[in-house]
Enquirer: 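So that we are looking at the same thing, I have put the structure below in structure tokens.
One-based numbering along the sequence shown. Because only heavy atoms are used, hydrogens play no part in the values below, and waters and symmetry mates are left out as well, while side chains stay in.
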Amino acid sequence: METGSGRKILIIEDENDVADLLSLNLRKAGFRVSTAADGANGLQKARDDRPDFIILDLMLPKMSGLEVCRVLKGDTVTAHTPILMLTAKAEEIDRIVGLEFGADDYVTKPFSPREIVLRIRAILRRGETADESLKAGPISIDPARHQVRVNGKPVRLTSLEFKLLRTLMQRRGRVQDRDRLLNEVWGYESVIDTRTVDTHVRRLREKLGKAGDVIETVRGFGYRLREN
Ligand code: CA
């Protein structure tokens, strides 16, 4: 469970020391690693080697990380490969993880290699369960059919409430801040106030009844679905 199970990770990063640090830690965690120092080489390796996961630096020579990300997500061979972006600029995050470029997650530099390993495992797990039913206590959702049940009884949710619940369940145990939820559920270009998230969480809890207690408010940050 706690090993990389030999899955292949491609690191696209021009800074050698960063690429080396990541390679070392990922290999220690049981992953197989290949590296590319620029976008063109990275795209080539992504198509030829079919990695299970790609770590992509935003600041690359010639072709930027965002451009590489866009090409990867637009190519049927690589469209479903999860991408974790490395960025030094917090303000770019909305565009990176949002619909425009489609990266799956991001980490800001400087980062801890341990955090990267944890993120990769979480994303790979999320991918494995994306089409399976998700359960949290009495709540179960069938993402493929857009069905939610509490103790076996169907609950009618709006599509936003459904996406909100699914996102929280897929990331259970991890605090999701309001901006992140807005991004994931409403879309990156949303100009909606973050208080909208609170309103929808309140309605979602009401519809789930007592089972809604699994959604915890983390004061000052956002929301989290209880681990058990
Ligand atoms: Ca760089």
Enquirer: Identify, with sequence neighbours excluded, every residue that meets side-chain contact (heavy atoms from CB on, under 4.5 Å) alongside N151.
Expert: P138

Enquirer: Could you tell me which residues satisfy salt bridge (Lys or Arg N to Asp or Glu O under 4.0 Å) with R119, sequence neighbours excluded, listed by chain and number?
Expert: D105, E115

Enquirer: With distance as the sole criterion, is a donor-acceptor pair present between the side chains of R224 and Q176 under 3.5 Å?
Expert: no

Enquirer: Is V218 isolated, or which residues cluster with it under the ILVMFWY side-chain rule of less than 4.5 Å, directly or via members?
Expert: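 Other cluster members: V175, F221.
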
Enquirer: In chain order, what residues pass the side-chain contact (heavy atoms from CB on, under 4.5 Å) check against A136, with sequence neighbours excluded?
Expert: M169, R172, L225

Enquirer: Please give me the minimum heavy-atom distance between V150 and A211, naming the atom from each residue.
Expert: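 Minimum heavy-atom separation between V150 and A211: CG1-CB, 3.7 Å.
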
Enquirer: Any chance you could measure I12, atom CD1, to I54, atom CD1, to the nearest 0.5 Å?
Expert: 5.5 Å

Enquirer: Who are the salt bridge (Lys or Arg N to Asp or Glu O under 4.0 Å) partners of K207, not counting sequence neighbours?
Expert: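 Only E161 meet the salt bridge (Lys or Arg N to Asp or Glu O under 4.0 Å) criterion with K207.
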
Enquirer: Are K73 and D104 within salt-bridge range, i.e. N to O under 4.0 Å?
Expert: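 Counted as a salt bridge, because a side-chain N and a carboxylate O are separated by less than 4.0 Å.
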
Enquirer: Can I get a per-line list of side-chain donor-acceptor pairs under 3.5 Å for residues 197-204, giving both atom names and the distance, sequence neighbours left out?
Expert:
{"from": "D198", "atom 1": "OD1", "to": "R178", "atom 2": "NE", "distance (Å)": "2.7"}
{"from": "D198", "atom 1": "OD1", "to": "R178", "atom 2": "NH2", "distance (Å)": "3.2"}
{"from": "D198", "atom 1": "OD1", "to": "Y223", "atom 2": "OH", "distance (Å)": "2.6"}
{"from": "D198", "atom 1": "OD2", "to": "R178", "atom 2": "NE", "distance (Å)": "3.4"}
{"from": "T199", "atom 1": "OG1", "to": "R195", "atom 2": "O", "distance (Å)": "3.2"}
{"from": "H200", "atom 1": "ND1", "to": "T196", "atom 2": "O", "distance (Å)": "3.0"}

Enquirer: By side-chain contact (heavy atoms from CB on, under 4.5 Å), which residues pair with R156, not counting sequence neighbours?
Expert: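 Residues passing side-chain contact (heavy atoms from CB on, under 4.5 Å) with R156: none at all.
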
Enquirer: State, to 0.1 Å, how close F31 and L124 come at their nearest heavy-atom pair, and which atoms those are.
Expert: CE2-CD1, 3.9 Å

Enquirer: Kindly compute the distance separating CZ (F111) from OG1 (T87), expressed to the nearest 0.5 Å.
Expert: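 Rounded to the nearest 0.5 Å, the CZ-OG1 separation comes out at 11.5 Å.
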
Enquirer: Do D52 and T81 pass the side chain to side chain contact (heavy atoms under 4.5 Å, CB included) test, and can you show the C-alpha distance, the side-chain angles, and the key distance before you say yes or no?
Expert: CA-CA 6 Å; D52 299 295; T81 310; over 6 Å; no

Enquirer: Show me the side-chain donor-acceptor pairs of residues 18-30 shorter than 3.5 Å, one per line, residues at least two apart or across chains.
Expert:
{"from": "S23", "atom 1": "OG", "to": "A19", "atom 2": "O", "distance (Å)": "2.8"}
{"from": "N25", "atom 1": "ND2", "to": "L21", "atom 2": "O", "distance (Å)": "2.8"}
{"from": "R27", "atom 1": "NH2", "to": "V33", "atom 2": "O", "distance (Å)": "3.2"}

Enquirer: Among residues at least two apart in sequence or on other chains, which ones pass salt bridge (Lys or Arg N to Asp or Glu O under 4.0 Å) with E15?
Expert: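 E15 satisfies salt bridge (Lys or Arg N to Asp or Glu O under 4.0 Å) with K109 once adjacent residues are dropped.
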
Enquirer: Which atoms form the tightest heavy-atom contact between C69 and A103, and what is the distance?
Expert: SG-N, 3.9 Å

Enquirer: Go through the structure and list residues passing salt bridge (Lys or Arg N to Asp or Glu O under 4.0 Å) with E206, not counting sequence neighbours.
Expert: none

Enquirer: Residues in ring-ring contact (aromatic ring centres under 6.0 Å, His included) with F162, at least two apart?
Expert: H146

Enquirer: Are the side chain of R171 and the backbone of R166 linked by a donor-acceptor contact shorter than 3.5 Å?
Expert: no

Enquirer: Please lay out, stage by stage, how E13 and L86 fare under the test side chain to side chain contact (heavy atoms under 4.5 Å, CB included).
Expert: CA-CA 9 Å; E13 163 66 278; L86 302 179; 3.9 Å; yes

Enquirer: Identify the two heavy atoms, one from R174 and one from A122, that lie closest to each other, and give their separation to 0.1 Å.
Expert: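 R174 and A122 have their closest heavy atoms at NH1-CB, 4.0 Å.
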
Enquirer: Per the side chain to side chain donor-acceptor pair (under 3.5 Å) rule, what does the pair list look like for residues 38-51, sequence neighbours excluded?
Expert: Q44-D48, R47-D75

Enquirer: Rounded to the nearest 0.5 Å, how far does CG of L84 lie from CG of L56?
Expert: 9.0 Å

